[in-house]
Trainee: 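Shown below is the structure under consideration.
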Amino acid sequence: MNQLLHHGSIKWPRMPQPQNIPPGYGISKRRDFRLKQLLALFLVSRSYSVAVEIYTLLGWFLNISYEAGSLWRTLSSLEDNDILQISKMQIKRTRLHPLLIAHLTKRGRGLCYELNWPPYESELERMRRLHEKGKQSEESHTCATLAFTYQARLRGLKAGVMPEVEAGHFVPDAVVFEDDERILVEVEMRRDKRAKWRNMAVHQESVAICARTAAHRKTLIGECRDLNIPGKATDLRTLFLTSRHDPPGEMWLSEW
C-alpha cells in the first residue's frame, strides 16, 4: 500500500501563492475558496476518496462545520472543472444513504503534478484494481470497504484497504492499527463464509469482521462461534449511526 492514512498524521502542505497556481484549471482567485479547493485536492491526491471524510477534515482544519455549504461547493467546483470525478455509490441492504466518492481525473492528476503533489493510488483505485477487477457486481462491497476505513479513521485509527499479505488463501479487505497491533479485517456483505473464517484464523489466530448491520453481525459471529474461532466484529450501520456522537461510538461492537 502507498500509505495507511489517519487524521492525526496528515501533514498539510504550504498552499501555493496565486501566481504559482497553473492557470486554466478553474482554481478560484478568492483566497478563502481557493484554500478550500487546494486542501480538498491535496486530500484526494493523498488517497482519500469518501466525500464526507474530506468535508470533515476540511472542517477540522478550517474550524467550521463539515456541513457548511462552502465545503460542499468545493468538491462540486473541482468536478465542474474536470479536476475530480464524483460518483454516488450505495452499500446494499444497510438502509444507509449513498456515499459520494471522489477521485482524480486525468486533468486533475496533471494539476497535482504541477503543484508538486504526485498523486498516490486512491483507496477507490486500489479496490478496483485488486478486488473488483472490472466486476460491477463488486461495487457495493467496494463502497462498504471505503466506508469502513473512513469510520476507523474517524475514530482515530490508522486504516487502509487491501493490505499486502503473504497468504494466497487469504486476501483481507482492510487493515487497522490499534496500539501498534495490526488487525486484518474482512468487510463481509453475505453469510455462510465459514471457509473464509478458517483461513483468516490460520493467518492471525482470530477474525476481525465488519458486517452490514447489527443483525448481520450476529449471524457472522454465530458462524465463527460454531468453528470455535475467537474474534471481534462491528457493522457499518451502527458505526454510521454512532459517528455523530462526541466522541464517536466504539469501533468494535462485539468480542468473543
Side-chain angles (χ1 to χ4, degrees), residues 2-22 25-81 83-88 96-104 108 111-112 114-120 122-124 146-160 176-179 236 238-251:
N2 286 319
Q3 67 173 15
L4 298 168
L5 296 165
H6 65 122
H7 295 158
S9 70
I10 294 175
K11 295 180 180 178
W12 296 94
R14 177 178 294 179
M15 291 296 102
Q17 295 301 310
Q19 63 266 26
N20 301 130
I21 298 172
Y25 283 98
I27 300 300
S28 178
K29 294 182 179 179
R30 206 181 76 198
R31 184 175 180 179
D32 60 336
F33 195 65
R34 180 176 68 246
L35 176 62
K36 294 182 179 74
Q37 286 180 310
L38 292 173
L39 286 170
L41 178 61
F42 174 76
L43 287 173
V44 178
S45 76
R46 300 301 93 168
S47 295
Y48 287 86
S49 298
V50 178
V52 67
E53 182 170 21
I54 295 169
Y55 298 141
T56 299
L57 289 169
L58 291 177
W60 287 352
F61 184 79
L62 299 167
N63 197 29
I64 60 177
S65 169
Y66 80 95
E67 295 180 314
S70 62
L71 297 185
W72 292 73
R73 289 192 295 274
T74 298
L75 291 191
S76 295
S77 72
L78 295 174
E79 183 180 36
D80 290 344
N81 285 285
I83 293 169
L84 298 182
Q85 180 177 337
I86 301 176
S87 307
K88 185 181 289 186
L96 292 171
H97 294 299
L99 291 180
L100 295 179
I101 307 295
H103 64 96
L104 295 167
L111 175 56
C112 287
E114 292 201 53
L115 292 171
N116 199 28
W117 298 341
Y120 300 172
S122 73
E123 289 195 320
L124 176 63
L146 298 177
F148 170 78
T149 54
Y150 155 53
Q151 289 292 333
R153 290 190 291 262
L154 188 65
R155 288 161 172 80
L157 302 177
K158 209 171 182 181
V176 297
F177 282 81
E178 293 186 61
D179 300 323
L236 289 172
T238 304
L239 288 177
F240 272 88
L241 290 177
T242 60
S243 63
R244 287 176 174 262
H245 296 177
D246 187 16
E250 293 293 326
M251 184 68 203

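Since we're looking at a predicted model, the values are computed, not measured.
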Trainee: Under the side-chain hydrogen bond (donor to acceptor under 3.5 Å, both in side chains) rule, what do Q37 and S28 come out as? Steps first, then yes or no, please.
Mentor: CA-CA 8 Å; Q37 286 180 310; S28 178; 4.8 Å; no
Trainee: How long is the gap from OG on S87 to CG on L99, to the nearest 0.5 Å?
Mentor: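 If I round to the nearest 0.5 Å, the distance is 11.5 Å.
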Trainee: How far apart are the closest heavy atoms of A40 and L75, and which atoms are they?
Mentor: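 Closest heavy-atom pair between A40 and L75: CB-CD2, 3.9 Å.
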Trainee: What are the two closest heavy atoms between E123 and A159, and how far apart are they?
Mentor: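 Looking at all heavy atoms of both residues, the closest pair is OE2-O, 4.2 Å.
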Trainee: How far does CD of E250 sit from NE2 of H245, to the nearest 0.5 angstrom?
Mentor: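 One gets 12.0 Å once the value is rounded to the nearest 0.5 Å.
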Trainee: Between I10 and L43, does a side chain to side chain contact (heavy atoms under 4.5 Å, CB included) hold up when you go through it step by step?
Mentor: CA-CA 9 Å; I10 294 175; L43 287 173; 3.9 Å; yes
Trainee: If the plane angle is over 60° it's perpendicular, under 30° parallel, otherwise tilted; pick one for H7 and W60.
Mentor: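 The rings of H7 and W60 stand perpendicular, inter-plane angle above 60°.
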Trainee: Under 4.0 Å between a side-chain nitrogen and a carboxylate oxygen: does that hold for E53 and R46?
Mentor: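 Looking at E53 and R46, the cut-off is not met.
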Trainee: Please find the pair of heavy atoms, one from M251 and one from A152, that lie closest to each other, and give the distance.
Mentor: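 Scanning both residues completely, I find the closest heavy atoms to be SD-CA, 3.7 Å.
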Trainee: Can you tell me how far OG1 of T74 sits from CG of L38, rounded to the nearest 0.5 angstrom?
Mentor: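 Rounded to the nearest 0.5 Å, the CG-OG1 separation comes out at 10.0 Å.
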Trainee: Give the intermediate values and the outcome of side chain to side chain contact (heavy atoms under 4.5 Å, CB included) for residues S122 and V44.
Mentor: CA-CA 7 Å; S122 73; V44 178; over 6 Å; no
Trainee: Taking all non-hydrogen atoms of both residues into account, name the closest pair between L84 and A102 and its distance.
Mentor: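 Taking L84 first and A102 second, the nearest heavy atoms are CD1-CB, 4.4 Å.
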Trainee: Test side chain to side chain contact (heavy atoms under 4.5 Å, CB included) on I27 and L78; report intermediate values, then the result.
Mentor: CA-CA 8 Å; I27 300 300; L78 295 174; 4.2 Å; yes
Trainee: Hey, are S9 and R153 close enough side-chain-wise for a donor-acceptor pair under 3.5 Å?
Mentor: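 No.
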Trainee: Given side chains that start at C-beta, do those of P22 and L115 come closer than 4.5 Å, heavy atoms only?
Mentor: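 P22 reaches L115 side chain to side chain.
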Trainee: Under 4.5 Å between any side-chain heavy atoms of L58 and I64, yes or no?
Mentor: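 Not touching, per the 4.5 Å side-chain cut-off.
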Trainee: If you apply the rule side chain to side chain contact (heavy atoms under 4.5 Å, CB included), what do you find for F148 with L236, and how did you get there?
Mentor: CA-CA 7 Å; F148 170 78; L236 289 172; 4.2 Å; yes
Trainee: Which of parallel (below 30°), tilted (30 to 60°) and perpendicular (above 60°) describes W12 and F42?
Mentor: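 The rings of W12 and F42 sit tilted, inter-plane angle from 30° to 60°.
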Trainee: Can you tell me how far OG of S76 sits from CG of L71, rounded to the nearest 0.5 angstrom?
Mentor: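 Answer for the CG-OG pair, L71 versus S76, is 11.0 Å.
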Trainee: State, to 0.1 Å, how close S45 and W117 come at their nearest heavy-atom pair, and which atoms those are.
Mentor: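 It is OG-CB, 4.2 Å.
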Trainee: Nearest 0.5 Å please: distance from the OG atom of S65 over to the OH atom of Y55.
Mentor: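 Between atom OG of S65 and atom OH of Y55 there are 12.5 Å.
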Trainee: What is the distance from atom NE2 of H6 to atom CG of L154, rounded to the nearest 0.5 Å?
Mentor: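 Going from the NE2 atom of H6 to the CG atom of L154 covers 14.0 Å.
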Trainee: Pick one: which of R34, K29, R30 meets salt bridge (Lys or Arg N to Asp or Glu O under 4.0 Å) with D32?
Mentor: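 Testing each of R34, K29, R30 against D32, the sole residue satisfying salt bridge (Lys or Arg N to Asp or Glu O under 4.0 Å) is R30.
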Trainee: From the options L100, T56, I101, L124, select the one residue that forms a side chain to side chain contact (heavy atoms under 4.5 Å, CB included) with V50.
Mentor: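 Among L100, T56, I101, L124, the one meeting side chain to side chain contact (heavy atoms under 4.5 Å, CB included) with V50 is I101.
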Trainee: Looking at every heavy atom in both Q151 and S243, which two are closest together, and how far apart are they?
Mentor: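 Looks like OE1-CB, 3.5 Å.
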Trainee: Got a donor-acceptor contact below 3.5 angstrom from the W72 side chain to the Y66 backbone?
Mentor: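 Side chain of W72 to backbone of Y66: a pair is present.
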